[in-house]
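Below is one structure, written out as structure tokens; comments come after it.
Quick note: numbers below take in every heavy atom, side chains included, and nothing from hydrogens, waters or symmetry partners.
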Amino acid sequence: MCLGVQLGTGTFCTSSVTGSSAPRVCGVQNVPVPNCTRLPGCIMAGSRTYRTNAIVLDKTKLKETDLILTLVGEDGRQIRAVAKGARKPGSRLAARCELFCEVDLLLAHGRSLDIVSQAELMAAPLGASPSYELLMAASAVAEVARLCTYEDARDPFVFSITRAALAQLASLGAAHLDLIVAAYVFKLLSHIGYLPDCSSCVACDDEAPTYFSAHAGGLLCASCAPSVPGSEALEPGEPAWLAGLISMRFGELAETPVDALTAARLLGFAHVWAATHLDCRLRALEFLLGR
């Protein structure tokens, strides 16, 4: 008998008996290999390699010709892998592992970092020659995704929302770029447990809040705001915008008219919210705000 796991279009075996006619069985799902469906990050039984789709979030130089890739896999797990020779002139691996692209990877387990054995480009949502503004917005999305993913935590929602946000950015103007990035930040942080209360004052339940405070956890009324350091007054309509950033889809936000000033203020609120609750400096978001 031969135990194997079907990855993508290939079938892999962990042991075999010469001349055996016994049907091959998937070692993970315990079904015949032709009936095996691929699992995200499916690992070949008894093997050091595995295949997964992933989005490239960051690249770091290693030695003279290598790169360390920071990825979010389709199971939502953060993966750090070495792409050997990716910085050599004419390297095909570098072109297939560009920032913000979705790639299909065959990875080998290493001691501390995985090794990229094969890479196939699946999607380049920003296109072949993205604008400067588009790269800034995508960098902010990737930065937040990197800070909200972990090597030992699986959460497929992170991969799905990051892919959706990057795909939406390519066709937008400057104001809507800010809007989508702000929505991404609020949606992802709400998912991991930092949901702002935009329905009423978080201190006294007043239904007409007019201030925003990341430290307080959402919106405040005019009476409670002076007692909370860092509270910022909201313009008319901004409480509804904050609620809409969480409840509306990216496509709906992209079709909603918004002026540049409102979009920039909403992005500022998203930056303060993320920096406060992730407890770190967000350089890409700061750069996007200061452009």
Side-chain angles (χ1 to χ4, degrees), residues 76 137 140-141 143-150 153 155 157-158 160-162 164-165 168 174-291:
V141 168
E143 178 181 50
V144 176
R146 178 175 55 83
L147 293 170
C148 293
T149 53
Y150 306 93
D155 188 355
F157 176 83
V158 180
S160 300
I161 193 173
T162 303
Q168 191 66 58
H176 280 90
L177 287 176
D178 290 351
L179 193 67
I180 296 300
V181 173
Y184 174 82
V185 171
F186 277 117
K187 288 177 185 293
L188 184 53
L189 266 71
S190 297
H191 174 73
I192 65 174
Y194 303 110
L195 174 66
D197 187 350
C198 301
S199 59
S200 61
C201 175
V202 297
C204 68
D205 292 331
D206 189 320
E207 296 183 357
T210 55
Y211 285 80
F212 175 83
S213 172
H215 290 282
L219 304 188
L220 294 167
C221 65
S223 300
C224 299
S227 63
V228 180
S231 300
E232 187 170 350
L234 297 173
E235 298 293 334
E238 287 182 347
W241 266 116
L242 289 171
L245 291 179
I246 300 172
S247 62
M248 296 173 67
R249 296 177 178 270
F250 290 134
E252 296 172 338
L253 289 168
E255 296 174 355
T256 304
V258 63
D259 60 89
L261 179 59
T262 299
R265 283 179 56 82
L266 293 173
L267 182 62
F269 294 143
H271 169 252
V272 173
W273 186 261
T276 299
H277 295 289
L278 296 178
D279 194 21
C280 63
R281 184 176 179 182
L282 302 167
R283 297 181 184 274
L285 265 176
E286 291 175 5
F287 193 75
L288 182 60
L289 282 166
R291 70 184 187 279

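With a 4.5 Å cut-off on side-chain heavy atoms, P196 and I246 count as touching. In this structure the side chain of V144 never reaches within 4.5 angstrom of the side chain of V181, judged on heavy atoms. Residues V158 and C148 are not in side-chain contact: their nearest non-hydrogen atoms beyond the backbone lie 4.5 Å or more apart.
In this structure, CG on L188 lies 6.5 Å from OG1 on T162, to the nearest 0.5 angstrom. Between the CD1 atom in I192 and the CG atom in L147 there is a gap of 9.5 Å [rounded to 0.5 Å]. The structure places CG of L234 at 6.0 Å from CG of L242, a figure rounded to the nearest 0.5 Å. Note that CG of L177 is 10.0 Å distant from CD of Q168, once rounded to the nearest 0.5 Å.
When every heavy atom of V141 is checked against every heavy atom of A165, the shortest pair comes out as CG1-CB, 4.5 Å. Scanning both residues, K187 and I161, for their nearest heavy atoms gives CB-CD1, 3.6 Å. Shown here for A270 and V185, the closest heavy-atom pair between the two residues is O-CG1, 3.5 Å. Of all heavy-atom pairs between W273 and L195, the closest is CZ2-C, 3.9 Å. Across A145 and Y184, no two heavy atoms sit closer than the pair CB-OH, 3.2 Å. Nearest heavy atom pair, residue C201 against residue L220, reads SG-CA, 3.8 Å.
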Side-chain donor-acceptor contacts of residues 206-215 below 3.5 Å, not counting sequence neighbours, with atom names and distances?
residue : atom : partner : partner atom : Å
D206    : OD1  : A208    : N            : 2.8
S213    : OG   : A216    : N            : 3.1

For a quick test of your reading: what N or O donor-acceptor pairs under 3.5 Å do the side chains of residues 253-269 make, sequence neighbours left out?
residue : atom : partner : partner atom : Å
T256    : OG1  : E252    : O            : 2.7
D259    : OD1  : L261    : N            : 3.2
D259    : OD1  : T262    : N            : 2.8
D259    : OD1  : T262    : OG1          : 3.1
D259    : OD2  : T262    : OG1          : 2.9
R265    : NE   : E238    : OE1          : 3.4
R265    : NE   : E238    : OE2          : 2.6
R265    : NH2  : A233    : O            : 3.0
R265    : NH2  : E238    : OE1          : 3.1

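The main-chain N or O of C224 is found under 3.5 Å from a side-chain atom of S227 such that the two form a donor-acceptor pair.
At a threshold of 4.0 Å, the pair R281-E286 counts as salt-bridged, since one of the basic side-chain nitrogens sits closer than that to a carboxylate oxygen.
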Checklist line | Pair S223-C204, side-chain contact (heavy atoms from CB on, under 4.5 Å): steps then yes or no | finding: CA-CA 9 Å; S223 300; C204 68; 6.0 Å; no
Next item on the list: Decide side-chain contact (heavy atoms from CB on, under 4.5 Å) for L289 and D178; before the verdict, give the C-alpha distance in whole Å, the side-chain angles of both, and the deciding distance to 0.1 Å.
Entry: CA-CA 9 Å; L289 282 166; D178 290 351; over 6 Å; no
